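Bear in mind the structure is a predicted one, so any value in this text is a computation, not a measurement. Chain letters run A, B, ... following the sequence lines, proteins first, then strands; residues in each count from 1.
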Number of protein chains: 2
Amino acid sequence: MKEHSELGGVAPARTVTLEDVARLAGLSPMTVSRAINKPQVVRPATVARVMAAIQATGYIPNLLAGGLASRRTRLIAVVVPQINNSMFVDTVQAISDRLAARGYQMLLCVTGYSSDNEAETVNTILSRRPDGMVLTGIHHHAELRKTLLNAALPLVEIWDLTPTPLDMLVGFSHEKIGQRIGEYCLQRGYRSLGLVWAGDRRAQLRRRALAEVLQGQPGCRLQGVNAPVPTSLGAGRQGLSQLLAAGQRFDAIVCSSDTLAQGVIMEAQARGLRVPEDLAVIGFGDLAFAEHNQPAITTVAIDRLKMGELAATLLADKIEGQAPAEAVVDLGFTLRVRESG
Amino acid sequence: MKEHSELGGVAPARTVTLEDVARLAGLSPMTVSRAINKPQVVRPATVARVMAAIQATGYIPNLLAGGLASRRTRLIAVVVPQINNSMFVDTVQAISDRLAARGYQMLLCVTGYSSDNEAETVNTILSRRPDGMVLTGIHHHAELRKTLLNAALPLVEIWDLTPTPLDMLVGFSHEKIGQRIGEYCLQRGYRSLGLVWAGDRRAQLRRRALAEVLQGQPGCRLQGVNAPVPTSLGAGRQGLSQLLAAGQRFDAIVCSSDTLAQGVIMEAQARGLRVPEDLAVIGFGDLAFAEHNQPAITTVAIDRLKMGELAATLLADKIEGQAPAEAVVDLGFTLRVRESG
DNA sequence: TTGTAAGCGTTATCAG
DNA sequence: CTGATAACGCTTACAA
């Protein structure tokens with residue numbers, strides 16, 4: 001017996017509808033609908049009858065029809081550039097969890113870092129009439145901006161900060177982080193800095209701010225190499241190799257992610273350099289491994305889970321008519337000084 | 001001006017519908033619908049008129065209505081236990097990419113490892129009438145199985161193998177991997193094995209097979225400690241510490257993930273143990289860092305991207321009426337012998 | 001508390 | 001190639 005032909009083979013008799021359930025229960029479709037969606041409004045005995053009929057028929061509601069009629073889909077679209085990137089994935093998971101608890105589902109859209117097709121992606125998303133949307137970043141093409149404003153959809157932008165979000169926002173300042181790292185380096189006396197950095201927009205923001213802090217300082221030198229996204233341990237190792245190839249000496253290597261930092265540390269150790277004695281290393285993200293690494297990685301922590309939870313909560317609240325007290329949340333960040341630098 | 005009130009504040013005039021576009025273009029709604037979905041069937045000049053009207057009105061199709069009428073949603077549901085887990089996330093990304101290229105969107109559902117609520121989750125999913133579904137794993141409650149069979153929905157099960165999938169399948173044999181690792185250990189002369197292992201079902205499958213291979217062998221000892229999912233570097237370090245605490249000596253530590261293996265290696269090095277001379281370490285997954293680690297990690301590679309691509313392709317093909325040649329794909333695996341053991 | 005009527009915005013189908 | 005009509009399966013609004 002070819003078991004795998006048991007599914008998808010024959011066309012099923014006919015889909016069970018609300019009307020079928022109603023007929024079996026001896027009620028009107030409307031009452032069945034109420035028993036499902038607002039049981040408090042229906043007599044308990046009736047609800048029980050409905051539930052029995054649902055069991056008997058194997059009824060599965062059709063949210064397309066329901067959404068069309070009610071203009072509520074219980075769908076939230078989440079747009080991120082990548083998910084095979086430890087930074088975003090925790091936030092997405094948190095959003096998904098919180099959303100599920102509130103009775104919503106997540107339509108996840110991965111756009112890549114080229115924001116060219118972001119507008120088209122968003123249009124496709126909007127055609128599903130989600131109740132709300134989470135968007136990574138705050139820089140959108142004019143066209144997209146217009147579409148979004150026109151859609152008048154509850155929206156949360158994340159992973160960045162601006163006083164003028166489209167709607168709501170949960171993020172942090174990449175500039176301030178860059179500054180903070182720069183100040184920390186000065187304070188520690190790191191003058192000759194190597195940068196292993198990814199090319200994405202927000203990473204560049206941090207880099208520029210870091211560079212500005214060091215700009216005016218006497219004796220400060222700054223040299224960088226690029227790493228691809230998603231960042232990897234291998235790219236970190238290669239990054240340090242490249243930096244060292246020129247024969248220059250560095251006090252510290254600053255990386256745009258902990259993953260790169262881990263690679264830099266590994267490469268340093270492989271070359272017999274002691275971290276941080278011979279070379280300090282600083283990361284970004286405070287990923288799970290950072291504090292357990294040997295040496296533990298000095299880095300900047302973002303509360304990625306909270307970002308997701310807050311985004312989901314703000315969205316659900318707004319959708320359900322509870323205007324959130326604050327629409328712009330700066331999550332801040334924490335410099336976690338550990339062993340590596 | 002409170003910019004963030006510009007969105008979601010006022011109720012928009014009224015949603016633009018197909019009828020609005022038709023009126024502006026001087027055509028019937030049906031012709032507009034055709035111009036959008038099957039432009040080959042419509043006179044080019046007419047298509048142009050429609051496009052102009054769409055631009056002018058800012059029309060965004062309503063897929064709820066479209067899906068309700070056509071019984072096609074261009075939605076694929078993907079169910080995974082976790083995404084903050086490097087193993088699944090690559091596959092999900094691959095599915096998403098391939099699906100997007102085919103004109104589908106992904107409804108991502110994260111269930112956690114407790115399959116208790118899997119049935120309920122799937123019911124909620126089905127209420128959106130996806131065109132197809134990707135399900136992680138092959139062990140489903142009877143109720144879920146029935147629901148799925150009844151839905152007669154194109155379906156791909158992934159990450160496991162069985163001769164009797166519900167519909168289609170792309171996976172690999174955890175048993176064979178466990179065996180292979182066991183044989184490799186014997187061949188290398190590893191007799192006293194420590195296991196640092198996660199508790200999820202598929203990991204247990206590998207563990208059992210591994211244990212069976214070593215069972216009969218003289219002098220073989222096997223001791224294990226548990227690690228939580230998602231696995232982490234920290235858990236790997238702790239795992240080795242626990243194993244070593246009893247004072248016992250090990251030839252090799254086998255881990256249920258590369259992440260754990262990385263932690264074990266790090267802990268070993270911190271304790272002055274040389275890997276692999278004093279202690280061999282074996283991982284699973286061949287994550288990006290495995291080959292770049294110091295020492296490079298011996299592990300088992302799965303083609304996670306191909307799994308996702310194949311799943312998406314099989315699904316899209318079946319939905320579009322091209323019966324796939326093969327409905328059960330064993331992706332196999334590769335033991336990658338590197339420096340760590 | 002329950003029922004009736006009228007959509008919600010598309011597309012399948014058949015006619016022109 | 002284009003149009004008219006009848007669903008698709010549910011919920012809103014109102015009536016009983």
So, is Ser28(B) near the phosphate of dG3(D), with a side-chain N or O under 4.0 Å from OP1 or OP2?
-> yes

Euclidean distance, Ile138(A) CD1 relative to Thr162(A) OG1, rounded to 0.5 Å | 4.5 Å

Rounded to the nearest 0.5 Å, what separation is found between the OH atom of Tyr59(B) and the CD1 atom of Ile54(B)?
-> 7.0 Å

Separation of Leu68(A) atom CG from dT12(D) atom C1', in whole Å?
-> 12 Å

Give a yes/no answer on whether the side chain of Thr46(B) brings an N or O atom under 4.0 Å of OP1 or OP2 in dT2(D).
-> yes

Answer yes or no: are there more than 12 heavy-atom neighbours, outside Gln55(B) itself, under 6.0 Å from its atom CD?
-> no

Write down the distance between CG (Leu18(A)) and P (dG9(D)), rounded to a whole number of angstrom.
-> 11 Å

Assess whether atom CD of Glu120(B) is packed by more than 12 heavy atoms of other residues, nucleotides or ligands within 6.0 Å.
-> no

Would you indicate what Arg71(B) reaches in the nucleic acid, counting non-hydrogen atoms under 4.0 angstrom: base, sugar-phosphate, or nothing?
-> sugar-phosphate

Establish, with yes or no, whether the OP1 or OP2 oxygen of dC8(D) is under 4.0 angstrom from a side-chain nitrogen or oxygen of Asn62(A).
-> no

Does the pair Asp167(B)/Lys318(B) count as a salt bridge with the N-to-O cut at 4.0 Å?
-> yes

Rounded to whole Å, the CZ-P distance (Arg74(A) to dT11(D)) equals 12 Å

Output yes when Arg74(B) and Asp131(B) qualify as a salt bridge under the 4.0 Å nitrogen-oxygen rule, no when they do not.
-> no

Rounded distance in Å - CZ (Arg129(A)) to C1' (dT11(D)) | 17 Å

For dT11(D), does OP1 or OP2 lie under 4.0 Å from any side-chain N or O of Ser33(A)?
-> yes

What integer distance in Å separates Asn37(A):CG from dC10(D):C1'?
-> 9 Å

Relative to the 5' end of DNA chain C, which residue comes earlier, Pro61(B) or Arg34(B), by the nucleotide with the nearest heavy atom?
-> Pro61(B)

Atom NZ of Lys38(A) and atom P of dC10(D): how far apart are they, to the nearest Å?
-> 16 Å

Nearest-angstrom distance from the residue atom CD of Glu19(B) to P of dG3(D) = 13 Å

Of Leu64(A) and Leu27(B), whose nearest nucleotide on DNA chain D comes first from the 5' end?
-> Leu27(B)

Compare the minimum distances between each of dC10(D), dT2(D), dT11(D) and the side chain of Ser70(A), then state the nucleotide with the smallest one.
-> dT11(D)

Can you give the first and last nucleotides of DNA chain C, 5' to 3', that have an atom under 4.0 Å from a heavy atom of chain A?
-> dT1(C) to dG9(C)

How far apart are the C-alpha atoms of Leu153(B) and Leu126(B), what are their side-chain angles, what is the distance that settles it, and do they pass the side chain to side chain contact (heavy atoms under 4.5 Å, CB included) test?
-> CA-CA 9 Å; Leu153(B) 178 80; Leu126(B) 290 177; 3.8 Å; yes

Tell me which nucleotide among dT2(D), dC10(D), dA4(D) gets nearest to the side chain of Val42(B).
-> dT2(D)

